[in-house]
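In what follows, a single structure is set out as structure tokens and then discussed.
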Amino acid sequence: MDGNNFYVSCERVFNPSLEGKPVVVLSNNDGCIISRSNEAKALGLKMGEPVFKRKDFIAKNNVSVFSSNYTLYGDMSNRMMMTLKTFAPDIEVYSIDEAFLNLSGIQVDFNEYAHRIRNTIFKNTGLPVGVGFGQTKTLAKIANKIGKKQNGVFIIDTPRIQDWALRNTAIEEVWGIGRQYAILLMKNNIKTAYDFTQLDTQWIRKNMTVVGQRIKEELAGVSCIPLETMAPAKKNIATTRAFGQKISDINLIAEAVANHAVRCAEKLRQQHSVANYLNVFIHTDPFSEHETYVSRNLTLTLPQASNSNQALIQAALQGLRQIYQPGLKYKKTGIIVSGITPDNFVQGNLFEGSDFRKKELTSLTDHINQRYGRDKLKLAVQGSGKEWHLKQEKLSPRYTTRWTELLKVKA
DNA sequence: TCTGGGGTCCTAGGACCC
DNA sequence: TCTGGGGTCCTAGGACCC
């Protein structure tokens with residue numbers, strides 16, 4: 001199952017006047033186009049296109065533009081997945097708008113069931129989705145894609161249909177075939193998914209590693225990519241943002257860095273992990289034509305594996321001070337934590353005390369912030385964020401998660 | 001004549017996904 | 001003026017061990 005033009009569809013649920021019209025949603029900082037309605041696609045607006053390049057075109061064609069509202073999309077996604085979970089015992093939530101359902105052993109009319117899934121999700125959330133059935137994840141993705149061009153549903157349930165589907169799927173449409181592999185395959189006259197299944201396995205292995213070999217098997221109906229019903233703990237966690245405007249002042253950058261460190265710490269606590277390493281990076285505008293691009297980063301080993309706000313901030317700022325060069329106009333900074341292990345088994349440090357007091361403090365502030373809103377309680381170094389925070393000029397309300405932003409209806 | 005055999009760990013780089 | 005933010009996996013090569 002996957003959502004149609006997911007972010008745009010989320011906006012439309014609360015703003016039905018957008019139906020049938022060109023709509024786009026932008027990336028953070030209102031930079032690039034990352035979700036498009038069918039009408040916007042038909043106008044020729046491209047995925048990932050910088051929006052400033054098409055500003056006049058967008059105005060002339062009355063395209064509605066939205067900043068990305070991840071609070072809203074995340075909540076709508078949860079609602080969608082909750083409905084979906086009533087349709088199969090095993091489900092893998094693969095991304096914000098995609099999930100795999102395991103229906104093996106379930107005796108149903110697949111076509112009827114697929115439509116029932118679509119209709120129920122639409123009724124419960126207002127979101128349009130597509131459903132595809134296949135013997136493997138890769139085949140299900142292909143079925144889903146074909147379904148989008150029809151009535152939202154496609155079932156691959158016989159060898160004849162499978163053969164037809166593979167012959168009618170361009171090689172670059174196949175899950176796991178990206179730009180580089182597509183170029184390589186085109187050079188070798190492989191144009192469709194079907195052509196790929198006819199390739200010599202040794203050639204695939206040599207040129208595309210075992211990953212390519214799995215794709216071949218999956219296309220033939222042999223499952224090689226298992227369903228992951230439990231999301232494994234993340235091995236890296238990052239929080240990175242471009243600034244709304246370029247910044248030189250280290251104190252302002254430090255505010256951003258401190259906030260990113262806190263977000264990373266929160267993400268670690270959410271999955272009950274601690275990190276051993278912290279990487280902090282900073283760079284100038286990579287697109288600037290008159291300034292040379294400067295990018296620096298540093299990885300620090302934490303004195304003790306941690307997920308506390310203070311410990312991560314301390315390391316992050318220490319790193320920042322080492323890589324910061326005065327006089328440059330910076331555009332982006334970020335934190336990446338790694339060396340992640342479960343938080344119930346932290347190796348002690350002979351030279352550091354235990355950080356149980358930090359733990360107490362953190363769990364208290366987490367509780368308060370959960371109840372009264374993010375960053376209600378924070379460290380002074382996190383600052384106000386006015387100078388560096390995101391550009392979000394077209395942000396819609398958080399309709400489903402804030403009382404103050406509820407949809408108002410005039411009767 | 002002509003220098004063993006079997007391992008692990010780490011990292012960088014390249015590919016991919018949403 | 002102006003270009004996002006997350007992630008994963010695989011492989012080769014180098015360093016090391018006994």
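Just so we're clear, the structure is a prediction, and the values are computed from it rather than from any experiment. Throughout, protein chains are lettered first and strands after them, A, B, ... in sequence-line order, and every chain is numbered starting at 1.
- No contact: Lys391(A) has no heavy atom under 4.0 Å from any strand.
- We find that CD1 of Ile177(A) is positioned 15 Å from C1' of dG14(B), with the value rounded to whole Å.
- Taking 4.0 angstrom as the limit, Thr240(A) places a side-chain polar atom (N or O) nearer than this to OP1 or OP2 of dG6(C).
- If you take NZ of Lys246(A) and P of dT1(C), they are 10 Å apart, rounded to a whole angstrom.
- Asp97(A) comes within contact range of the sugar-phosphate backbone alone, with a heavy-atom separation under 4.0 Å but no base atom that close.
- Contact between the side-chain N/O atoms of Arg214(A) and the OP1/OP2 oxygens of dC10(C) is found at a separation under 4.0 Å.
- Among all heavy-atom pairs drawn from Met76(A) and Cys10(A), the shortest one is CB-SG, 3.7 Å.
- Distances shown here put every side-chain N or O of Lys331(A) at or beyond 4.0 Å from the OP1 or OP2 atom of dC2(C).
- Whole-Å rounding puts the Leu185(A) CG to dC16(B) P distance at 10 Å.
- Among the atoms of the strands shown, none is found under 4.0 Å from any heavy atom of Glu49(A).
- Residue-level contact check: Ile96(A) touches neither bases nor backbone, having no heavy atom under 4.0 Å from any strand.
- Across all strands shown, Ile237(A) has heavy atoms under 4.0 Å from sugar-phosphate atoms exclusively, and none from any base.
- The side chain of Tyr94(A) approaches dC18(B) more closely than any other nucleotide in the set dT1(C), dC18(B), dT3(C).
- Taking a 6.0 Å sphere around NZ of Lys234(A), one finds it holds 12 or fewer heavy atoms contributed by other residues, nucleotides or ligands.
- The CD1 atom of Ile225(A) sits 11 Å away from the C1' atom of dC16(B) (whole-angstrom rounding).
- Nearest-nucleotide mapping onto DNA chain C: of Ala238(A) and Tyr70(A), the residue sitting toward the 5' end is Tyr70(A).
- Nucleic acid contact class of Arg263(A) (heavy atoms, under 4.0 Å, all strands): none.
- Straight-line distance from the CZ atom of Phe196(A) to the C1' atom of dC16(B): 13 Å, rounded to whole Å.
- Of the candidates dC16(B), dG4(C), dC17(B), the closest approach to any side-chain atom of Gln180(A) belongs to dC16(B).
- Counting non-hydrogen atoms under 4.0 angstrom, Asn28(A) reaches the backbone sugars and phosphates but no base.
- Close to dG6(C), at under 4.0 Å from its OP1 or OP2, lies no side-chain N or O of Asn236(A).
- Toward the 5′ end of DNA chain C lies the nearest nucleotide of Phe52(A), the other residue of the pair Phe52(A) and Lys235(A) mapping further downstream.
- Ranking dC16(B), dT1(C), dG4(C) by closeness to the Cys32(A) side chain, first place goes to dG4(C).
- A salt bridge does not link Glu173(A) to Lys141(A): none of the charged nitrogens lies less than 4.0 Å from a carboxylate oxygen.
- Glu92(A) has a carboxylate O that lies under 4.0 Å from a charged side-chain N of Lys137(A), or vice versa, which qualifies the two as a salt bridge.
- Between Asp2(A) and Lys148(A), at least one side-chain nitrogen of the basic residue sits less than 4.0 Å from a carboxylate oxygen of the acidic one, meeting the salt-bridge criterion.
- A straight line from CG of Asn279(A) to P of dA12(B) spans 11 Å, rounded to a whole angstrom.
- Between dC17(B) and Lys141(A), no contact under 4.0 Å exists linking OP1 or OP2 to a side-chain N or O.
- For Gln271(A) and dG7(C), the CD to C1' distance is 12 Å, given to the nearest whole Å.
- Among the protein residues, Lys206(A) comes within range of no part of the nucleic acid, since none of its heavy atoms lies under 4.0 Å from any strand.
- For the OP1/OP2 pair of dT3(C) and a distance below 4.0 Å, the side-chain nitrogens and oxygens of Lys332(A) include no atom meeting the criterion.
- If you take atom C1' in dC17(C) and the same atom in dG4(B), they sit 15 Å apart, rounded to whole Å.
- Which of dC2(C), dC18(B), dG7(C) sits closest to the side chain of Lys267(A) comes down to dG7(C).
- Among the atoms of the strands shown, only primed sugar atoms or phosphate atoms (P, OP1, OP2) are found under 4.0 Å from some heavy atom of Thr239(A).
- Here dC10(C) is the nucleotide among dC16(B), dG4(C), dC10(C) with the atom lying nearest to any side-chain atom of Val211(A).
- Between Tyr399(A) and Phe14(A), the two ring planes are parallel [angle under 30°; tilted spans 30° to 60°].
- Between Arg241(A) and dG6(C) there is a side-chain N or O to OP1 or OP2 distance below 4.0 Å.
- As rounded to whole Å, 14 Å separates atom C1' of dG7(C) from atom CH2 of Trp175(A).
- Side-chain proximity of Glu98(A) to dC18(B), dC9(C), dC10(C): nearest is dC18(B).
- The nucleotide whose nearest atom lies closest to any side-chain atom of Phe287(A) is, among dG6(C), dC18(B), dT3(C), dT3(C).
- Remark: Tyr324(A) OH is packed, more than 12 non-hydrogen atoms of other residues, nucleotides or ligands lying under 6.0 Å away.
- Checked by atom type, the side-chain pair Thr83(A)/Asn124(A) shows a donor-acceptor distance below 3.5 Å.
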